[in-house]
Amino acid sequence: MCKFLENKWCLPAILLLALILRLLPALWAASEPQRLLRPDSGGYLTPAMALVENGSYPTTRRPPGFPVFAAAVYALGGDNRMIAVTQVFISVAACWVIAMAAKLYAGKVCGNIAALFAALNMTAIANTPLLLSDTLFALFAAGQFCFFVGYCKTHRLSPLLCTVLIAAAAVLIRPINQLFIIVLITLIMLKSDIPLKKRLLHCAYSILLFLAIITPWMLRNYLAGATFDIDTNTGAMRHQNGAMLLAKVNGTDFESEKKKLLDIEKETFKSPEFGSERAQEKWRKAEFRKMVLAHPFTYFMQHFDIRILLPDAPTLLEDFGITSSDRGTMGVLKKNGLLAALKHYFGEKWLLIITLLIPLLIPTALLYFAVLRQIIHYLCSFKKYWFELLMLLGFAEYYLFLPGSITAPRYQLPALPCLCTFAAIAAVAICRKWKKDDANEVEDTGLDQM
C-alpha cells in the first residue's frame with residue numbers, strides 16, 4: 001500500500017476515481033433536470049440568465065460568484081445540465097488542491113491519502129451536481145487552505161496574499177467567508193516564529209487586500225438600494241435559524257415556526273415603509289437579533305451540533321431519483337433525533353437502505369476517526385501542537401460553527417480540505433506505527449517539524 005501511495009500514478013488514479021464517482025450521479029441527475037434544483041437554486045440561476053440576456057445583474061439578494069460562473073456556461077451555449085457536469089470537474093479539482101495542501105503539509109503519501117478521503121466523501125459526491133454555490137465554494141476553500149499551509153512553511157508574503165485573495169473572492173460566492181479575515185489575522189498574529197513587525201505588516205496587507213476585493217460589491221449593493229452588505233439574503237436567518245431557535249424554546253417544530261415567521265414578515269412588508277430591499281433587510285436582521293438576545297445561551301449552544309457532519313446520503317439518493325427532497329426532515333432531526341429522521345425520510349425500508357449505503361459510509365467514518373485520533377494526539381502534546389489545533393478551529397470548525405442550527409450536510413464541504421489533511425496525517429502515523437518505525441518519527445507531524 002505504501003508503495004502504491006508513493007507511486008507517481010497514485011494521485012492520477014485517485015482523481016480518476018473521484019471523476020467517476022461524481023460523474024455517475026451527476027449524469028443520472030441531469031437526465032431529470034429537476035433533480036439538480038433546490039429551493040435556493042433560482043436565486044442564483046435567475047441573475048445568471050439576466051447577465052447573459054441583458055448584461056446586468058438584477059438583484060442584491062445573492063452574491064455574484066456562482067451566478068457569474070453559471071452565466072459563463074450559459075453564454076457558451078450550455079444549460080443547467082452542463083453546469084452540473086462542469087461542477088464535476090470543479091469537485092475533482094478540489095480533490096487535487098487538497099492533495100497539494102496535504103503534500104505541502106506532510107509529504108506525498110499524506111497528500112495522496114487526503115485526496116483519497118476527499119474523492120470518497122459521500123457529501124462531496126452527492127452535492128456536486130446540485131445547482132448551488134457549495135461545490136464552487138469548496139474549491140476556493142481548498143485553495144485558501146493550501147496557500148496558508150505554504151505561508152506557514154515559508155513565512156513569505158506571496159502565499160499569504162494568495163490566501164487572502166482566494167478567501168475574499170470566496171466571499172463573493174458565499175458570504176460566510178466574510179469573517180474569515182478575522183481567522184487569518186488571528187493565526188498570523190499567533191505565528192510566534194515570525195517576527196512581530198513582519199506579522200503586523202502581513203496583517204495590514206491582508207486586511208487591505210481583503211477589503212479592496214469585497215468592498216466594491218458591498219458599495220454597489222448600497223447604491224442599488226440595499227444594505228452595505230455582500231448580499232441581502234442574510235436576513236433569511238430570521239425564518240431559518242430563528243425558526244430553529246423558537247422551535248427549541250417553545251418545544252414545537254421547525255416547519256410550523258418557520259411558517260409563522262414568514263406570515264408575519266409577509267404581513268409586515270405590506271406597509272409602504274418596507275418598500276425597499278434595504279428596509280426589509282434591516283427589519284429582518286433587527287428581528288433576528290431580538291430573538292437571539294432573548295435566548296442567547298440556547299442560540300449559542302445550537303452552533304455545536306455534531307449532526308452537521310452527517311454524510312449526505314439523502315442527496316445522493318435524490319440524485320438517482322430514489323427519494324425526493326424538501327420533506328421537512330431537518331425539523332424532524334432537530335426535534336426527535338437521528339433515528340426518527342431516518343424513518344421519516346427513508347420510510348419503512350430505512351434500515352435496508354442504510355445497510356446498502358454502508359460501503360459508501362465507511363470512508364466518511366474513517367475520515368472522522370482519523371481526525372479524532374489526530375486531535376487527541378495534538379491535545380496530549382498541546383504545547384507542541386497548539387497551532388495545529390488553531391488551524392483546525394480556523395479552517396474546519398469555523399465552517400461547522402457559523403451555520404448554527406441549520407445543519408445541512410453540504411455546509412461541511414469547506415471544512416473538508418483541513419479535515420482530510422489532518423486525517424491523512426493520522427493515517428500516515430498509524431501506518432508507521434504498524435511498521436514499528438521509530439517513535440519520534442511517528443509523532444513528528446507538526447508544521448514546525450515538516
Side-chain angles (χ1 to χ4, degrees), residues 63-66 68-69 93-94 97-98 100-106 133 136-223 227-231 234 385-399 401-402 414-415 417-418 421-422 446-450:
F66 186 79
V68 168
F69 157 69
V97 176
I98 290 172
M100 295 301 101
K103 179 182 178 181
L104 186 60
Y105 196 114
S133 62
L136 182 62
F137 183 68
L139 174 62
F140 279 71
Q144 69 184 16
F145 178 70
C146 183
F147 277 105
F148 188 77
V149 171
Y151 171 69
C152 288
K153 296 179 72 66
T154 65
H155 301 168
R156 294 173 56 199
L157 180 61
S158 55
L160 176 61
L161 293 182
C162 288
T163 303
V164 176
L165 178 65
I166 295 171
V171 176
L172 300 177
I173 301 172
R174 288 189 65 83
I176 194 174
N177 231 45
Q178 193 167 0
L179 296 177
F180 194 75
I181 187 62
I182 299 175
V183 172
L184 283 176
I185 296 305
T186 302
L187 289 172
I188 293 169
M189 289 305 299
L190 291 174
K191 200 77 173 69
S192 55
D193 52 343
I194 300 177
L196 178 59
K197 183 179 179 180
K198 189 175 182 180
R199 278 179 279 164
L200 291 172
L201 283 173
H202 286 183
C203 287
Y205 292 143
S206 298
I207 293 171
L208 289 173
L209 178 59
F210 194 85
L211 292 178
I213 294 171
I214 70 169
T215 302
W217 187 257
M218 297 169 70
L219 180 61
R220 174 264 181 193
N221 286 344
Y222 185 81
L223 295 176
T227 51
F228 189 70
D229 291 305
I230 293 296
D231 67 359
T234 305
Y385 297 115
W386 59 271
F387 192 79
E388 281 75 8
L389 289 168
L390 286 179
M391 285 187 66
L392 271 164
L393 289 175
F395 285 90
E397 178 58 21
Y398 172 87
Y399 294 107
F401 176 86
L402 282 191
C418 182
T421 296
F422 282 88
L447 279 174
D448 295 335
Q449 286 74 39
M450 287 300 130

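Quick caveat: nothing in here was measured; it's all calculated off a predicted structure. Nothing fancy with the numbering, it's 1 onward along the sequence.
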Please output the side-chain donor-acceptor pairs of residues 175-183 that fall under 3.5 Å, not counting sequence neighbours, one pair per line with the distance.
residue	atom	partner	partner atom	Å
Asn177	OD1	Tyr399	OH	2.5
Asn177	ND2	Gln144	OE1	3.2
Asn177	ND2	Ala167	O	3.0

Discussion item. If we check side chain to side chain contact (heavy atoms under 4.5 Å, CB included) with Pro63, which of these qualifies: Asp229, Ile230, Val171, Ile173?
Written reply: Ile230

Worksheet item: Can the ring centres of Tyr105 and Phe422 be said to be less than 6.0 Å apart?
Response: yes

Worksheet item: For Leu190 and Leu390, what are the C-alpha separation, side-chain angles and deciding distance, and is it a side chain to side chain contact (heavy atoms under 4.5 Å, CB included)?
Response: CA-CA 9 Å; Leu190 291 174; Leu390 286 179; 3.5 Å; yes

Worksheet item: Listed by chain and number, what are the side chain to side chain contact (heavy atoms under 4.5 Å, CB included) partners of Cys162, not counting sequence neighbours?
Response: Phe147

Practice prompt. Please name the pair of heavy atoms, one in Ile98 and one in Ala142, separated by the smallest distance, quoted to 0.1 Å.
Written response: CG1-CB, 4.1 Å

Discussion item. Quick test of your reading: applying salt bridge (Lys or Arg N to Asp or Glu O under 4.0 Å), list the pairs with at least one residue in residues 137-151, sequence neighbours left out, ordered by first then second residue.
Written reply: none

Worksheet entry | Near-ring test Phe69/Phe66, centroid separation under 6.0 angstrom | yes

Fill in: All side-chain hydrogen bond (donor to acceptor under 3.5 Å, both in side chains) counterparts of Ser133, not counting sequence neighbours
Tyr44, Arg174

Practice prompt. To the nearest 0.5 angstrom, please state how far the CG atom of Leu209 sits from the CD1 atom of Ile214.
Written response: 10.5 Å

Fill in: Partners passing side chain to side chain contact (heavy atoms under 4.5 Å, CB included) against Ala102 (at least two apart in sequence or in another chain)
Cys110, Ala114, Thr421

Discussion item. Rounded to the nearest 0.5 Å, what separates atom CG in Leu172 from atom CZ in Phe140?
Written reply: 9.0 Å

Worksheet item: Where is the tightest heavy-atom contact between Ile188 and Cys203, given as atom of each residue plus distance?
Response: CG2-SG, 3.7 Å

Worksheet entry | Residue list, side chain to side chain contact (heavy atoms under 4.5 Å, CB included) with Tyr222, at least two apart or on another chain | Phe228, Arg278

Discussion item. Going by ring-ring contact (aromatic ring centres under 6.0 Å, His included), name the residues that satisfy it together with Phe145, two or more places apart in sequence or in a different chain.
Written reply: Phe395

Item to complete: Grab the two heavy atoms, one from Ala212 and one from Pro216, that are nearest each other, plus how far apart they are.
Response: O-CD, 3.2 Å

Practice prompt. Would you mind listing every salt bridge (Lys or Arg N to Asp or Glu O under 4.0 Å) that reaches into residues 208-217, with sequence neighbours excluded?
Written response: none

Practice prompt. Indicate the atoms forming the closest heavy-atom contact of Leu104 with Cys146, along with that distance.
Written response: CD2-O, 3.9 Å

Worksheet entry | Set of residues satisfying side-chain hydrogen bond (donor to acceptor under 3.5 Å, both in side chains) with respect to Ser206, sequence neighbours excluded | none

Practice prompt. Before giving the answer on side chain to side chain contact (heavy atoms under 4.5 Å, CB included), spell out for Phe387 and Leu187 the whole-Å C-alpha distance, their side-chain angles and the decisive distance to 0.1 Å.
Written response: CA-CA 8 Å; Phe387 192 79; Leu187 289 172; 4.1 Å; yes

Worksheet item: What is the distance from atom OH of Tyr151 to atom NE2 of His202, rounded to the nearest 0.5 Å?
Response: 5.0 Å

Worksheet item: What residue pairs, at least two apart or across chains, pass salt bridge (Lys or Arg N to Asp or Glu O under 4.0 Å) with a residue in residues 198-216?
Response: none

Practice prompt. Output all residues satisfying side chain to side chain contact (heavy atoms under 4.5 Å, CB included) with Ser158, sequence neighbours left out; order by chain, then residue number.
Written response: Arg156

Worksheet item: side chain to side chain contact (heavy atoms under 4.5 Å, CB included) between Met100 and Val149: does it pass, once the steps are laid out?
Response: CA-CA 10 Å; Met100 295 301 101; Val149 171; over 6 Å; no

Worksheet entry | From Glu397 atom CD to Leu402 atom CG, the distance as rounded to the nearest 0.5 Å | 9.0 Å

Worksheet item: Under the salt bridge (Lys or Arg N to Asp or Glu O under 4.0 Å) rule, what pairs show up with a residue in residues 209-222, not counting sequence neighbours?
Response: none

Discussion item. Set out, in order, the CA-CA distance, both residues' side-chain angles and the distance that settles side chain to side chain contact (heavy atoms under 4.5 Å, CB included) for His155 and Leu160, then state yes or no.
Written reply: CA-CA 8 Å; His155 301 168; Leu160 176 61; over 6 Å; no

Discussion item. Can you tell me how far apart CG (Leu165) and CD1 (Ile213) are? Round to the nearest 0.5 Å.
Written reply: 4.5 Å

